[in-house]
Amino acid sequence: MARPVKVKLIECPRDAMQGVNYFISTADKIKYLNLLLKAGFDTLDFGSFVSPKAIPQLADTAEVLNNLDIGSSTTKLLAIVANLRGVDEALKHPSITYLGYPFSISEIFQKRNTNSNIKTSLSTVEELLSKCDKAQKTAVIYLSMAFGNPYGEEWNEELVVKWTSELVKRGASIISLSDTVGVSTPTNIANLFDGISTSFPEIEVGVHLHSRPENWREKIDAAYQNGCRRFDAAIRGFGGCPMASDSLTGNIATENLIGYLEENNEPLGLDMQSIEKAIRFSFKIFH
Ligand SMILES: CC(C)(COP(=O)([O-])OP(=O)([O-])OC[C@H]1O[C@@H](n2cnc3c(N)ncnc32)[C@H](O)[C@@H]1OP(=O)([O-])[O-])[C@@H](O)C(=O)NCCC(=O)NCCSC(=O)C[C@@](C)(O)CC(=O)[O-]
């Protein structure tokens, strides 16, 4: 899997919805996702097959999926899984192309997020890769806490390179460097993106950044100027991982990212009318 030449936009309503503390009705999720499926994103990170006790908001992922208008969409579907049971659940759905797994370089976050440690999580990744291979699916490994550690554990760029190398050795072909709680800086984004994509040219590297609204641009710019062409984002910047901390730091807002990429003359092939409809509908579900 080489570096993408064309920009890939990964829209993440799953991330946007997972921490919302009231239940978004299944019907509204379906309507929202169907609007996003018309927009022309490369991938829709639409839901997760995880414990409903951990993430009650997404307990209806299978039902939502069964009601999506995927027939005419060119967008590929990605579901997050956090254990092998979730992998098996996701693999039951032929319409899912990507299974995303949060592999953390922080022991504390791995435990909080998946109730396992890094060693066990690495075995889960091995099984995930093998199961995806057999089912002709692709795993996307999120390298959580890639840009810093909010719990005071060791963090440095060598650690990120070390864990990336372990994942690549096991066959990971897409790795998304994730700033789970929004602590990245333009400097460490630039250094890490450049370092990882240069050291592992055989894989596709993306960024899944969280950011306060005031500094999204410098972070995206640092990734883009260092060759990043795979970006995760969410409409109006909603989101964050409720397993990481009590206060959520949102995603990069899709509409800001689109504006930035258009300024850089990137052909995105998006249907802006559908995106505007999705933005309007988002006011109904995020309040
Ligand atoms: C991984 C577990 C399940 C381990 O949690 P556990 O407690 O060790 O699991 P367990 O096997 O002991 O089971 C506990 C309960 O969960 C159920 N269960 C167990 N597995 C499943 C499953 N697959 N589907 C449905 N139900 C499941 C199981 O049946 C049982 O139910 P009970 O008997 O108590 O009623 C849990 O920790 C979990 O679900 N974590 C959620 C992780 C998650 O969704 N996090 C947010 C997404 S990742 C993210 O946001 C980061 C990312 C991707 O954006 C990148 C970044 O920013 O870093």
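Every number for a ligand or one of its atoms is a count from 1 in the order of the listing.
Note on ring orientation: taking the six-membered ring where Trp is involved, the planes of F286 and F238 are parallel (angle under 30°, cut-offs 30° and 60°).
Contacts classified as ring-ring contact (aromatic ring centres under 6.0 Å, His included) and involving residues 40-88 (residues at least two apart or in different chains) are given here: F49-H93. Within the structure, salt bridge (charged side-chain N to carboxylate O under 4.0 Å, His left out) contacts touching residues 72-93 (residues at least two apart or in different chains) are D42-K76, D88-K131, E89-K92.
When heavy-atom distances to ligand 1 are checked against a 4.0 Å cut-off, H208 comes that close only through its side chain, counted from C-beta outward. Within the 4.0 Å heavy-atom criterion, the part of S178 lying near ligand 1 is the side chain and not the backbone. For I55, every heavy-atom contact with ligand 1 shorter than 4.0 Å involves the side chain, none the backbone.
Where the criterion is an N or O separation shorter than 3.5 Å, residue side chain and backbone included, R85 meets it with respect to ligand 1. For V50, a nitrogen or oxygen atom sits less than 3.5 Å from a nitrogen or oxygen atom of ligand 1, counting backbone and side chain alike.
Rounded to the nearest 0.5 angstrom, I196 CD1 and N226 CG are separated by 12.5 Å.
Each of the following atoms of ligand 1 lies closer than 4.0 Å to a heavy atom of A82: 1 (C), 42 (C). Which parts of ligand 1 touch A54 is read off a 4.0 Å heavy-atom cut-off, strictly below it: atoms 38 (C), 39 (O), 40 (N), 41 (C). Close contacts between ligand 1 and G86 involve ligand atoms 23 (N) [criterion: under 4.0 Å to a heavy atom].
K29 has no carboxylate O lying under 4.0 Å from a charged side-chain N of E63, or vice versa, which leaves the two without a salt bridge.
Residue contacts with ligand 1: G100 is excluded, as none of its non-hydrogen atoms falls under 4.0 Å. Using a non-hydrogen distance threshold of 4.0 Å, M145 does not register as a contact of ligand 1.
In this structure, atom 17 (C) of ligand 1 has protein heavy atoms in its sub-4.0 angstrom surroundings.
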